[in-house]
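As structure tokens, the structure follows; a few thoughts come after it.
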Amino acid sequence: MTTIDRDSQAILEAKGLGKYFQVGGGFRPKQLRALHEVSFALGHRQVVALVGESGSGKSTIARLLVRLMDPSSGKIFFRGKDILQEEPRQASLDYRAQVQMIFQDPFGSLNPVHTIGNHLERPLLLHGKAKGAGELKDRVNELLETVDLRPAAEIASRHPHQLSGGQRQRVAIARALAPGPSVILADEPISMLDVSIRVGVLNLMERLKEERGISYLYITHDIASARYFADRTMVMYAGHIVEGAPSEELMQQPAHPYTQLLLSAVPDPNGSMKSELKAKSGAPKLIDPPPGCPFADRCPNVMAVCRQEMPGTTQLAQDRWVRCHLFGQGASIGKVGSPKELGTAEPRSALTESVAS
Ligand SMILES: Nc1ncnc2c1ncn2[C@@H]1O[C@H](COP(=O)(O)OP(=O)(O)OP(=O)(O)O)[C@@H](O)[C@H]1O
């Protein structure tokens, strides 16, 4: 069954992506199924958030899209081109220029012995974006100024340990910008930063979207920041995308019981948890998973069919869908649990504080 989240003007599109990992060596290696037929599209100048708890498969999707590894099944389309078919052995330089990635840990992704300038020169040279020492220096300074790191020449001469965490993440963003990408896959880009500077980094990414027409896949376990930054949000559980909707609608009226659970865990501005949604804890089984919906064991609304079959996709509105048997049986969003009962994330204005504080 394919989970559909499509955009007619997709830049990057995943179709039925699956990924198995072989785990446990010896005579009986097992297969860990990290992704199940994941499909979605990223539109031009669009931010799509991928939200879910640790181990749900978010980073695996990004690593497949950026071609750090190959999927076990499925296809990737970039501007309509079947990339795995056209570039089967490794991604072309052009694809690597167009689809960039930024990681959670800016310190880990920068080499401590190189200056900030060195980090930016490399992709500029590799992708033919500057010739000669003078032009290279100008491009480096421009990139640093674009991410609000000033005075650029001085920052360029520093080493990563001489910058703050937020400044290092801005360098990582500048490096991703160097080849002139149209897509940035941002894997938890703010989660290791001080809470006080998170909004600044999201605002920078938003500005780059407007100025440079960049689309983002924004990976996070923080559903509140997805509401702040993303046009659409997709919710992942155990390698499946279980719900996709415009971010605001998803937060206001979460359909899938797992989305409701995620939202119920968003603290309100005075620090308390907002609802008492009763869902059992526990991690889904990714090796030899039982049949049916992987959320069944934790779901407060579980029915017999949930333990037998994975639900199909139910279209709730033109741009909303969910994979849950409750909706295959005629339930409406309101019947499953109203936002009032469950508690939703704060509206965008209040969220600025919630992300920042
Ligand atoms: N190279 C690998 N070999 C074996 N298992 C892997 C490998 N990479 C990922 N996994 C497993 O695949 C599942 C999905 O991992 P993934 O990193 O995509 O999750 P995630 O949602 O990004 O989690 P997190 O937020 O903790 O990064 C996990 O169970 C993980 O242990």
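Indexing begins at 1, ligand by ligand and atom by atom, following the structure's order. Values below: all heavy atoms of this structure, side chains included; hydrogens, waters and symmetry mates excluded.
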(message) Quick check on Gly55 - does any of its heavy atoms sit under 4.0 Å from an atom of ligand 1?
(response) yes
(message) Under 4.0 Å, heavy-atom basis, I'd like to know which part of Leu32 is in contact with ligand 1: side chain, backbone, both or neither.
(response) side chain
(request) Can you sort out which atoms of ligand 1 are near Ser59, meaning under 4.0 Å from one of its heavy atoms? (result) 17 (O), 18 (O), 20 (P), 22 (O), 27 (O)
(request) Pick, from Met236, Arg63, Arg33, the option with the minimum heavy-atom distance to atom 17 (O) of ligand 1. (result) Arg63
(request) For residues Thr115 and Ser157, report the shortest heavy-atom separation together with the two atoms involved. (result) CG2-O, 3.8 Å
(message) In this structure, does ligand 1 have an atom that sits under 4.0 Å from one of the heavy atoms of Met69?
(response) no
(message) At less than 4.0 angstrom from any non-hydrogen atom of Thr60, what atoms of ligand 1 do you find?
(response) 14 (C), 15 (O), 16 (P), 18 (O)
(message) Check this for me: does any side-chain nitrogen of one of Lys81 and Asp94 sit under 4.0 Å from a carboxylate oxygen of the other?
(response) no
(request) Decide, yes or no, whether a salt bridge links Glu135 with Lys131 under the criterion of side-chain N to carboxylate O below 4.0 Å. (result) no
(request) May I ask you to list the atoms of ligand 1 that are less than 4.0 angstrom from any heavy atom of Glu53? (result) 21 (O)
(request) Return the set of residues passing ring pair (Phe, Tyr, Trp, His ring centres under 6.0 Å) with Phe78 (not counting sequence neighbours), or none when no residue passes. (result) Tyr95
(message) Minimum distance, heavy atoms only, to atom 1 (N) of ligand 1: which one of Tyr20, Phe21, Tyr237 is it?
(response) Phe21
(request) Using a distance threshold of 4.0 Å (strictly less than), state whether atom 6 (C) of ligand 1 has a protein heavy-atom neighbour. (result) yes
(message) Taking atom CD as the centre, does Gln90 end up with more than 12 heavy-atom neighbours from other residues, nucleotides or ligands that are less than 6.0 angstrom away?
(response) no
(message) Would you compute the distance between atom CD of Gln169 and atom CE of Met192 and round it to the nearest 0.5 angstrom?
(response) 9.5 Å
(request) Below 4.0 angstrom from a heavy atom of Ser56, which ligand 1 atoms are there? Numbered from 1 as shown, please. (result) 19 (O), 20 (P), 21 (O)
(message) So if I count the atoms of ligand 1 from 1 in the order they appear, which ones are less than 4.0 Å from some heavy atom of Ser54?
(response) 23 (O), 24 (P), 25 (O), 26 (O)
(request) Have a look at Pro284, Ala34, Ala62, Gly24 and point out the one with the heavy atom closest to atom 12 (O) of ligand 1. (result) Ala34
(request) Give the residue and atom name of whichever protein heavy atom lies nearest to atom 19 (O) of ligand 1, and the separation in Å to one decimal. (result) Gly57 N, 3.3 Å
(request) Could you tell me which non-hydrogen atom of Ile102 sits nearest to which non-hydrogen atom of Pro189, and how far apart they are? (result) CD1-CB, 4.2 Å
(request) Determine, considering heavy atoms only, which of Lys58, Gln31, Glu188 sits nearest to atom 21 (O) of ligand 1. (result) Lys58
(request) With sequence neighbours excluded, tell me which residues meet ring pair (Phe, Tyr, Trp, His ring centres under 6.0 Å) with Tyr258. (result) Tyr237, Phe295
(message) Salt bridge check, Glu243 against Arg320: does any charged N sit closer than 4.0 Å to a carboxylate O?
(response) yes
(request) Could you tell me whether Arg323 and Glu37 make a salt bridge, using a distance below 4.0 angstrom between a side-chain N and a carboxylate O? (result) no
(request) Closest by any non-hydrogen atom to atom 29 (O) of ligand 1: pick that one out of Leu286, Asp187, Ile61. (result) Leu286
